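Predicted model, so just to flag it, every value in this text is computed and none were measured. Quick note: numbers below take in every heavy atom, side chains included, and nothing from hydrogens, waters or symmetry partners.
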Amino acid sequence: QVQLVESGGGLVQAGASLRLSCAASGLTFSNFPMGWFRQAPGKKREFVASITRSGAQTYYADSVKGRFTISRDNAKNTVYLQMNSLKPEDTAVYYCAVTMGSSYPFTADYWGLGTQVTVSS
C-alpha cells in the first residue's frame, strides 16, 4: 500500500528556514506528481506546492511563492519542501500527498500523517 512519511518539522523563530522531507513507498514514485499541503488550527487544509513527475514544473500558493521551494529526488523516492523566511502564519501541520491525476490543480489521493511546523515571532 502507498505510504508517505514526512519529517523535518520543528519549532523555529520567524525568519528561519526548515526543510521538510517526505519518503514514499508502495508506488512507482516517478510516475506521480507530488504535493505539499498544510492545515493550521481551526482552518481548512490548504494547498502549498506541487511538482510534476519529472520535477520540471512546480506550482505554489501565492502565500509561499518566493519563499518555499518544492523538489524531488526520484532515485530516493523523496519529495522535499525547502521553507525560507518563515513567518508565524506558516505555523501548521504540513502534509505530503500524491495524486493519480494532474500536478495542478492537485487533488490528493493519498496523504501522509503530517509534520508540525511552528514559527514563533
Side-chain angles (χ1 to χ4, degrees):
Q1 70 277 22
V2 176
Q3 284 195 318
L4 304 172
V5 180
E6 302 95 336
S7 61
L11 171 63
V12 297
Q13 289 191 327
S17 298
L18 277 176
R19 188 196 198 200
L20 305 183
S21 299
C22 171
S25 60
L27 77 170
T28 305
F29 181 74
S30 59
N31 284 358
F32 302 102
M34 299 294 296
W36 287 95
F37 288 71
R38 67 186 181 185
Q39 187 166 18
K43 295 190 176 182
K44 293 173 64 174
R45 192 171 298 188
E46 64 175 2
F47 170 81
V48 174
S50 62
I51 188 166
T52 55
R53 295 164 180 82
S54 67
Q57 187 66 48
T58 55
Y59 304 89
Y60 297 94
D62 287 343
S63 58
V64 307
K65 205 170 291 184
R67 299 187 299 122
F68 291 11
T69 302
I70 188 171
S71 62
R72 66 190 295 162
D73 186 336
N74 286 344
K76 295 183 177 179
N77 287 4
T78 302
V79 62
Y80 305 97
L81 186 67
Q82 177 67 44
M83 305 185 295
N84 298 331
S85 302
L86 282 162
K87 305 176 181 180
E89 51 263 43
D90 294 318
T91 295
V93 177
Y94 283 71
Y95 297 91
C96 174
V98 62
T99 182
M100 308 293 116
S102 65
S103 307
Y104 188 82
F106 190 102
T107 302
D109 288 288
Y110 296 94
W111 296 95
L113 295 179
T115 185
Q116 176 71 47
V117 172
T118 303
V119 184
S120 64
S121 57

Inset, instruction - Report the C-alpha separation of T91 and Q116 in whole Å, then their side-chain angles, then the decisive distance to 0.1 Å, and conclude whether the side-chain contact (heavy atoms from CB on, under 4.5 Å) test is met. - result: CA-CA 8 Å; T91 295; Q116 176 71 47; 4.1 Å; yes
Inset, instruction - Apply side-chain contact (heavy atoms from CB on, under 4.5 Å) to the pair V64 and R38, showing each step before the final yes or no. - result: CA-CA 11 Å; V64 307; R38 67 186 181 185; 3.9 Å; yes
Legend entry - Residues F29, K76; criterion side-chain contact (heavy atoms from CB on, under 4.5 Å); working and verdict: CA-CA 9 Å; F29 181 74; K76 295 183 177 179; over 6 Å; no
Inset, instruction - Decide side-chain contact (heavy atoms from CB on, under 4.5 Å) for L86 and F68; before the verdict, give the C-alpha distance in whole Å, the side-chain angles of both, and the deciding distance to 0.1 Å. - result: CA-CA 9 Å; L86 282 162; F68 291 11; 3.9 Å; yes
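Inter-residue side-chain proximity for S121 and P88 is flagged as met; some heavy-atom pair is nearer than 4.5 Å. Contact of the Y59 side chain with the F106 side chain is not registered, since no non-hydrogen atoms from C-beta on lie closer than 4.5 Å. Inter-residue side-chain proximity for W36 and C96 is flagged as met; some heavy-atom pair is nearer than 4.5 Å.
Of all heavy-atom pairs between T69 and Y60, the closest is CA-OH, 3.3 Å. Nearest approach of V79 to I70, heavy atoms of both residues: CG2-CG1, 3.9 Å. For S103 against T52, the heavy-atom pair with the smallest separation is OG-CG2, 3.2 Å. Minimum interatomic distance between D109 and G101 (heavy atoms only, all atoms of both residues): OD2-N, 4.2 Å. Nearest heavy atom pair, residue C22 against residue L4, reads SG-CB, 3.9 Å. Nearest heavy atom pair, residue S30 against residue R72, reads CA-NH2, 4.0 Å.
Interatomic distance, M83 CE to R19 CZ, rounded to the nearest 0.5 Å: 11.5 Å. With rounding to the nearest 0.5 angstrom, the CE atom of M34 is 14.5 Å from the OG1 atom of T58.
Panel note: side chain E6, backbone G114; a donor-acceptor pair is recorded below 3.5 Å. In this structure, N77 contributes its side chain and G26 its backbone to no donor-acceptor pair below 3.5 Å.
Tracing side-chain contacts under 4.5 Å through hydrophobic residues (I, L, V, M, F, W, Y), one never reaches Y80 starting from L27; they form parts of separate clusters. F47 and Y95 fall within the same hydrophobic cluster, defined by Ile, Leu, Val, Met, Phe, Trp and Tyr side-chain heavy atoms under 4.5 Å apart, directly or through other members. Placement of Y110 and F32 within a single hydrophobic cluster is found when ILVMFWY residues are connected by side-chain heavy-atom separations under 4.5 Å, directly or transitively.
By the 4.0 Å N-to-carboxylate-O rule, D90 lies too far from K87 to be salt-bridged with it.
The aromatic rings of F37 and W111 lie perpendicular to each other, with more than 60° between the two planes, well past the 30° mark.
With a 6.0 Å radius and a threshold of 12 heavy atoms from other residues, nucleotides or ligands, L11 has its CG atom above the threshold. Surrounding NZ of K44 are at most 12 heavy atoms belonging to other residues, nucleotides or ligands under 6.0 Å away.
For the side-chain contact (heavy atoms from CB on, under 4.5 Å) with V117, the lone residue among V93, L18, L81 that qualifies is L18.
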